[in-house]
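To start, the structure itself, in structure tokens.
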Amino acid sequence: MSEVAAADCSLVLYGDSILNGSYVLAEHSMRHPRNPAAELKAQRPAWRIYDRTRPGQSLAKLAKVFANDPRSSRVVVIGSGIAEGWSGNSVMSNLPWMLEAVRYEGRTPLLTGYARQVPNSFITPDKMAGRDRVDTEAKTLASESGIEFADFGAAEPVEIVDDVHPTQTYSLRLTGKLIEALDRVAPECSH
């Protein structure tokens, strides 16, 4: 049996529209063909991916169902939280206990940072500052807890298809940051 076949290369993705690869076009919800789950599978076929991303899924909404959501995957990716930043809230009321729950289950948590946007009629200076604040909170929590962090904020340049969502190209750069983090967590699954 090969090393990859013997490895547990399973992951579950929790996140909002950005990790889902969604955007809005003429008031219709769309999803990039090369969305993060599909692109991850294409670039790292050893991974079994359970995509539980949902457009509009704030961290608070995810937290309401997280403890009772059955998981059997080795790696649990949590990417929700930008909505909290935009609304002036913190991710620290939910992320710490969620990460501990994942560890208690014997799984490996992985946090993503938050994609950047550009100023527009929806993304005000306050929302941009809120994004930066929760991104720092998540990054600091990951560092202090010894949890791998996919630095979405470093995936530049920022290219937006609507007021908040990444273009296909920018979404691929974000996915690349997730792949880099997964390769650090489970190099045996990178083949």
Side-chain angles (χ1 to χ4, degrees), residues 8-23 29 31-32 34-41 43-44 47-87 89-116 130-131 134-143 145-153 155 164-166 171-186 189:
D8 178 2
C9 298
S10 60
L11 69 89
V12 59
L13 294 172
Y14 291 102
D16 56 23
S17 55
I18 293 171
L19 194 55
N20 181 265
S22 297
Y23 61 99
S29 182
R31 192 174 192 195
H32 292 301
R34 294 173 67 187
N35 61 73
E39 189 64 18
L40 175 57
K41 186 64 178 172
Q43 290 193 36
R44 297 295 187 270
W47 284 104
R48 285 186 326 278
I49 302 162
Y50 302 93
D51 185 0
R52 297 183 186 166
T53 59
R54 301 282 180 271
Q57 181 170 265
S58 67
L59 189 63
K61 284 181 187 176
L62 175 58
K64 289 180 182 178
V65 299
F66 192 77
N68 295 318
D69 193 32
R71 288 175 287 277
S72 60
S73 297
R74 173 184 176 188
V75 177
V76 177
V77 177
I78 301 175
S80 293
I82 197 168
E84 278 72 11
W86 290 341
S87 64
N89 295 315
S90 171
V91 295
M92 296 306 289
S93 59
N94 287 309
L95 267 185
W97 75 258
M98 294 168 79
L99 296 173
E100 285 308 309
V102 170
R103 283 183 160 164
Y104 181 78
E105 295 170 355
R107 305 187 196 303
T108 302
L110 191 155
L111 284 180
T112 74
Y114 304 110
R116 295 183 183 277
R131 176 257 164 231
V134 295
D135 190 66
T136 298
E137 289 175 354
K139 186 182 293 187
T140 301
L141 177 62
S143 176
S145 303
I147 292 170
E148 194 59 54
F149 184 76
D151 192 356
F152 281 12
V164 301
H165 299 103
S171 181
L172 291 172
R173 284 194 295 277
L174 297 172
T175 304
K177 293 295 183 183
L178 178 57
I179 289 171
E180 290 172 9
L182 286 167
D183 287 352
R184 291 188 296 268
V185 166
C189 299

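- With hydrogens and angles ignored, the 3.5 Å screen pairs no side-chain donor or acceptor of Thr53 with any backbone N or O of Leu13.
- A heavy-atom distance below 4.5 Å is not found between the side chains of Val164 and Ile82.
- Taking every heavy atom of both residues into account, Ser10 and Ser72 meet most closely at OG-O, 4.3 Å.
- Using a distance-only test at 3.5 Å, with no hydrogens or angles considered, a donor-acceptor pair links the side chain of Asp135 to the main chain of Tyr114.
- For residues 60-69, the pairs satisfying salt bridge (charged side-chain N to carboxylate O under 4.0 Å, His left out) are Arg52-Asp69, with sequence neighbours left out.
- Between Asp8 and Arg48, some side-chain heavy-atom pair lies under the 4.5 Å cut-off.
- The salt bridge (Lys or Arg N to Asp or Glu O under 4.0 Å) check on Glu105 picks up Arg71, Arg107, with sequence neighbours excluded.
- When Leu178, Leu11, Ile179 are each tested for a side-chain contact (heavy atoms from CB on, under 4.5 Å) with Arg44, only one passes: Ile179.
- If you take OG on Ser171 and NE2 on His165, they are separated by 10.5 Å, rounding to the nearest 0.5 Å.
- For Leu99, the side-chain contact (heavy atoms from CB on, under 4.5 Å) partners two or more places apart in sequence, or in a different chain, are Ile78, Pro109, Leu111, Leu141, Ile147.
- Using a distance-only test at 3.5 Å, with no hydrogens or angles considered, no donor-acceptor pair links the side chain of Glu148 to the main chain of Val185.
- From Ser17, atom OG reaches atom CG of Asn35 across 12.5 Å, with rounding to the nearest 0.5 Å.
- Here Lys41 pairs with nothing under the salt bridge (Lys or Arg N to Asp or Glu O under 4.0 Å) rule; sequence neighbours left out.
- Going from atom CZ of Phe66 over to atom CG of Leu95 covers 9.5 Å, rounded to the nearest 0.5 Å.
- Arg54 meets the salt bridge (Lys or Arg N to Asp or Glu O under 4.0 Å) test with no other residue; sequence neighbours excluded.
- The NZ atom of Lys139 sits 4.0 Å away from atom CG of Asp151, with the distance rounded to the nearest 0.5 Å.
- The line from CG of Asn20 to CG of Asp51 is 6.0 Å long, rounded to the nearest 0.5 Å.
- A distance of 12.5 Å separates CZ in Phe149 from CD in Glu180, rounded to the nearest 0.5 Å.
- Asp16 pairs by the salt bridge (Lys or Arg N to Asp or Glu O under 4.0 Å) definition with nothing, not counting sequence neighbours.
- Taking both residues in full, the closest heavy atoms of Ser80 and Leu62 are given as OG-CD2, 4.1 Å, listed atom of the first, atom of the second, then distance.
- Of all heavy-atom pairs between Gly113 and Phe152, the closest is O-CD2, 3.6 Å.
- Shortest non-hydrogen contact noted between Val91 and Glu137 is N-OE1, 3.0 Å.
- Across all their heavy atoms, Ser58 and Glu84 have their closest contact at CB-OE2, 3.5 Å.
- Side-chain atoms of His32 come within 3.5 Å of backbone atoms of Pro166 as a donor-acceptor pair (strictly under, hydrogens ignored).
- Smallest separation of non-hydrogen atoms from Ala60 and Asn94: CA-ND2, 3.9 Å.
- Listed for the Arg116 side chain is a donor-acceptor partner under 3.5 Å among the backbone atoms of Gly153.
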